[in-house]
Amino acid sequence: MEITGYKYTNEQDAINARKECADYYGLPVSPDDVTQYWVDYETAEFDNPVFWYIVFDESIEQILGQPTTFEVTI
Amino acid sequence: MIGYGNSVFLRTAWEVSGGVPPVNTVAPAITGTAQEGQTVSCSTGTWTGTPTITFAYQWKRNGSNIGSATNSTYTLVTADVSQSITCQVTATNGSGSASATSNTITPIAALLLDTYSGAAVGYSLRKLRTAYTGAAIRVRRSSDNAEQDINFVSGDLDTSSLLTFCGAGNGFITTWYDQSGNANNATQATAANQPRIVNAGVIDVVNGKPAVLGDGVNDTLRNTTLSLTNPTSIFTVVDKIGTSGNFGLFTASLAGAFILTATGHQFYQGGASFSPTYVNNNQSLLVAKTSTTGTDWELYGNNTTVLNGGQNIGTAIGTSLSLFDRVGTSSRANMYMQEFIVWNSDQMTNRTEIQNNINSNYSIY
């Protein structure tokens with residue numbers, strides 16, 4: 001399946017990117033809020049080697065830059 | 001009778017006794033929850049009179065006596081729903097008696113999980129259980145990402161508060177609260193993955209009632225503490241958008257017929273043909289009883305048998321729940337959901353009554 005987004009070969013990089021987006025949008029707004037992240041990353045667990053990715057959304061382009069297109073086995 | 005000169009006077013009993021018969025000054029009042037199954041009380045009201053007054057009670061339905069309902073309390077029954085219920089108090093003392101009638105109450109029907117208790121989880125945009133006093137949903141608004149609980153008003157979602165909170169923007173579900181009493185709330189901590197309930201200042205609705213919309217891309221609501229054991233009985237009101245695709249919660253083709261998660265609550269059909277097309281673009285009430293043997297399962301759509309045993313579809317059991325989702329496949333439902341209730345028991349003997357309750361609220365078929 002072709003995905004447009006941001007691909008990471010290291011899970012920590014995906015975690016960092018997730019935090020970068022959350023920080024940009026000031027999440028969580030309050031300590032008791034459920035919402036912790038703006039976007040989340042997913043694991044391409046059926047690919048070898050495994051990688052991690054964040055699906056593109058216009059709202060994160062200004063944070064993570066230009067997305068790329070890649071294949072994910074689902 | 002007393003003679004005085006040539007006159008004869010008749011005296012009433014209270015004149016003889018020196019007492020005063022009862023006179024009502026403040027009417028009796030019914031208190032309590034006017035709902036089927038609830039016990040309400042009737043006060044005596046306020047009376048004057050001597051000697052000491054004793055009271056008797058008679059509950060009435062539309063002005064007619066209710067059989068043996070002669071105590072100060074009365075438990076409302078199905079026949080009382082939407083009827084006029086009053087309580088007549090009769091005050092008696094040694095000087096006479098008098099009656100007064102209370103205010104009128106008009107009981108509403110019992111809530112679904114009051115009558116059919118023991119659900120493992122219950123998500124809805126209407127109130128399902130009287131004893132549940134929490135909110136319906138927690139919502140994040142798009143304008144500033146602030147969150148707020150939205151409660152019930154008169155048994156339905158407080159849409160006024162919801163719109164006030166969201167303003168002209170969008171509203172997204174961060175938590176769909178479990179009304180079963182088990183606190184199995186379904187949550188989504190990622191903004192981009194939160195299902196929508198308000199779109200540009202307008203509440204998402206199906207058939208005139210609020211609905212939660214999954215975008216079919218990444219929206220899910222999850223609970224990881226729910227424990228399901230066979231047989232489970234699942235009742236849900238959904239409206240799938242479009243006519244193609246396989247999606248979590250309910251799959252129109254492939255092997256999964258009713259999938260809550262790919263790793264836990266699988267309700268596989270064993271590869272047989274199965275196309276519940278009425279789900280597509282129509283509000284539908286789906287009912288499933290999962291299997292203990294692999295074959296004793298049941299599946300209904302809008303009170304019609306879809307499939308009913310006869311093949312090994314596996315069993316449904318697990319410890320997590322994901323709405324709008326088929327975990328592990330990236331198959332997510334572009335659909336509306338208004339209600340999702342699971343019992344960890346076989347509720348098929350109650351299926352018709354439960355369906356009737358749901359259908360009377362949503363007017364699905």
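Numbered from 1 within each chain, the chains take letters A, B, ... in sequence-line order. These numbers come from the heavy atoms of this one structure, side chains and all, not from hydrogens, waters or symmetry mates.
- Electrostatic pairing of R138(B) and D149(B) counts as a salt bridge here, judged by a charged N lying under 4.0 Å from a carboxylate O.
- In this structure, chain B has a heavy atom under 4.5 Å from the side chain of V29(A), while its backbone stays farther away.
- Aromatic ring centroids of W343(B) and F235(B) lie under 6.0 Å apart.
- Using a 4.5 Å cut-off between heavy atoms, I60(A) does not touch chain B at all.
- Between Y6(A) and F56(A), the two ring planes are tilted [angle within 30° to 60°].
- Within the 4.5 angstrom heavy-atom criterion, only side-chain atoms of Q194(B), from C-beta onward, approach chain A.
- S30(A) does not touch chain B: none of its heavy atoms, backbone or side chain, sits under 4.5 Å away.
- Of the two parts of D33(A), the backbone and the side chain both hold a non-hydrogen atom closer than 4.5 Å to a non-hydrogen atom of chain B.
- The cationic atom of K7(A) (NZ for Lys, CZ for Arg) lies less than 6.0 Å from the six-membered ring centre of F51(A) and within 45° of the ring axis.
- In this structure, chain A has heavy atoms under 4.5 Å from both the backbone and the side chain of N145(B).
- At a threshold of 4.0 Å, the pair R196(B)-D204(B) counts as salt-bridged, since one of the basic side-chain nitrogens sits closer than that to a carboxylate oxygen.
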